[in-house]
Undergrad: 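Quick one: structure below, then a few questions.
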Amino acid sequence: VNIPDEALYGFLQNALDERGAQTRQRVLYHALQAAILTGKLQPQSRLPGSRLMAEALGVSRNTMNAALEQLAIEGYLTRSRQGTTVAILPSLPATSNVSCQPVALASRLRQLPSASRRDSPALQLTPGLPATNYFPLPVWRRLLDTVLRREGSLLLGYGDPAGEPRLRGAIARHLALSRGIHCDVSQIVITEGSLEGVRLCTQLLSQAGDVAWVEDPGYPGAKSVFMTAGLQVTGVPVDEEGLSLNMTSAAPTLIFTSPSHQYPLGAVMSASRRLALLDYARQQRAWIIEDDYDSEFRYSGEPVPAMLGMRDSARVVYLGTFSKTLFPSLRIGFMVLPSALAGAVNPVIASLLRGGHRPEQLALAHFIEEGHYARHLAAMRRLYRKRQQALRDALASEMRVAHQVRGGKGGLHLTVILKGVNDYAIIGQARRYQIAPGALSRLYLDPATAQHGLILGYGNTSASLYPGAIRTLNRLIEQTPRGQA
Ligand SMILES: Cc1ncc(COP(=O)(O)O)c(C=O)c1O
């Protein structure tokens with residue numbers, strides 16, 4: 001089949017006339033490719049010789065040839081001594097039949113708890129953000145620089161899949177001093193924050209259809225991971241002693257809990273509950289995932305020891321993170337596995353993880369070894385203690401509507417429980433004033449039957465701003481009709 005030369009030259013010339021900043025070769029390539037894909041150039045039709053085409057279009061023969069050659073390499077044209085013909089391509093549906101609807105998400109993904117937006121550290125009272133402006137950036141810059149200068153390109157390959165051994169050693173020593181956990185480096189796996197730790201526990205210890213218990217209300221990140229893995233997520237109520245054991249619901253494979261500082265209500269799990277939970281996990285052959293996200297910040301009494309260290313051979317995987325103690329975009333956390341589990345996991349860990357972020361991991365190891373970590377923690381503990389007290393004072397003086405303050409004596413947030421208020425409506429309006437608390441109802445499995453309230457993060461907001469922010473929130477609560485979402 002031959003196509004009329006005039007028609008071919010016509011559309012190629014048009015494309016050349018409108019080429020803008022593109023090279024002639026690129027324009028010819030695209031124009032011919034589009035003509036083939038849309039059927040303007042039929043399969044097996046023969047093109048004129050490249051010399052003729054170049055002359056007719058006023059381009060050099062090299063340019064014409066390069067465009068034709070590229071199309072031949074990609075399989076649009078077939079070139080031989082006999083000439084250049086259009087290749088036979090699989091037929092595509094007419095463009096009018098191609099759906100432009102967004103791809104439908106799997107039903108599991110559509111049911112995920114809504115995640116809070118954490119777009120700017122400048123927003124006031126955002127939960128989960130530490131005081132990023134207090135982080136010793138000059139020290140961090142120096143350590144990163146030292147590590148990169150010393151190790152150079154050696155650090156640019158894959159690292160140990162379980163994380164840099166030096167960082168794991170530094171974490172092991174820190175845990176022994178601060179969390180009562182005595183473990184070997186082989187029991188530690190570095191993760192991209194706790195969330196990846198939850199994902200790994202799910203992959204390693206459960207399968208679709210298994211039951212996962214979560215605290216209700218609780219951390220939405222864990223629920224999302226369990227749901228997407230096809231686990232049956234069961235909410236367990238929380239009271240003043242933390243997660244209340246509910247033996248009547250289906251036996252779990254995974255139990256996710258934050259015993260040192262329940263998120264978001266702040267309870268410290270009592271010793272008797274901890275021992276009962278450890279025993280229950282042993283009987284059921286379930287695994288407890290201990291989320292120790294902010295326990296370094298305790299403002300009364302001693303730090304609460306971790307569950308992992310309470311009993312030998314406890315069925316607990318401990319998750320730690322530097323997101324709250326240093327800064328969240330670092331994306332470095334870690335899991336501590338009981339030694340028997342570590343023995344089983346180590347041979348397969350390389351199938352699940354690639355050792356990356358080596359400069360950051362080594363810089364962090366030095367940061368801990370040189371004492372900067374302990375110093376920063378001590379300074380932040382003092383700062384957050386003051387901020388929590390200042391926020392309590394601001395709530396007492398400025399929050400006129402009936403409320404109840406929860407959140408415990410530690411961490412980076414307080415939770416204010418409100419009656420007859422739609423928390424989701426309030427947080428939507430608060431953003432207009434650069435205030436971004438979290439909505440308590442969204443941390444329950446079923447927001448329809450949930451308590452409402454505001455999660456006020458004081459980590460990254462200076463205390464001088466609390467009275468004004470709480471006054472604004474109080475006004476919004478008073479003005480917002482109850483049912484409005
Ligand atoms: C309850 C809870 N656990 C863990 C984390 C830490 O997550 P990551 O280490 O993935 O940043 C957060 C952060 O918001 C949290 O709120």
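All ligand and atom numbering here is 1-based and tracks the order in the structure. Because the structure is predicted, anything quoted here is derived from the model rather than measured.
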Undergrad: Just go through F327, Y219, F256 and tell me whose heavy atom is the nearest to atom 5 (C) of ligand 1.
TA: Y219
Undergrad: Could you name the option among S323, G411, G438 that has the heavy atom nearest to atom 11 (O) of ligand 1?
TA: S323
Undergrad: Under 4.0 Å from a heavy atom of L195: give me the atoms of ligand 1 that qualify, with their elements.
TA: 10 (O)
Undergrad: Charged N to carboxylate O below 4.0 Å: is that the case for R166 and E369?
TA: yes
Undergrad: For E164, what residues pass the salt bridge (Lys or Arg N to Asp or Glu O under 4.0 Å) criterion, not counting sequence neighbours?
TA: R358
Undergrad: If you measure every N/O of T321 against every N/O of ligand 1, is any gap under 3.5 Å?
TA: yes
Undergrad: Enumerate the atoms of ligand 1 whose separation from the nearest heavy atom of Y263 is less than 4.0 angstrom.
TA: 1 (C)
Undergrad: Between D145 and R149, does at least one N-O distance fall below 4.0 Å, as a salt bridge requires?
TA: yes
Undergrad: Would you mind running through ligand 1 and noting each atom that sits below 4.0 Å from a heavy atom of G193?
TA: 9 (O), 10 (O)
Undergrad: Which ligand 1 atoms are under 4.0 Å away from a heavy-atom of K324?
TA: 12 (C), 13 (C), 14 (O)
Undergrad: For the ring pair F297 and H261, is the centre-to-centre distance below 6.0 Å?
TA: no
Undergrad: Give the atom numbers and elements of ligand 1 that come within less than 4.0 Å of a heavy atom of R331.
TA: 8 (P), 10 (O), 11 (O)
Undergrad: Is there a heavy atom of E196 sitting under 4.0 angstrom from any atom of ligand 1?
TA: no
Undergrad: Backbone N or O of G242 within a donor-acceptor pair of the R273 side chain at under 3.5 Å?
TA: yes
Undergrad: Tell me whether E370 is salt-bridged to R142, with the criterion being a basic N under 4.0 Å from an acidic carboxylate O.
TA: yes
Undergrad: Please name all residues satisfying salt bridge (Lys or Arg N to Asp or Glu O under 4.0 Å) with D279, sequence neighbours left out, ordered by chain then number.
TA: R282, R311
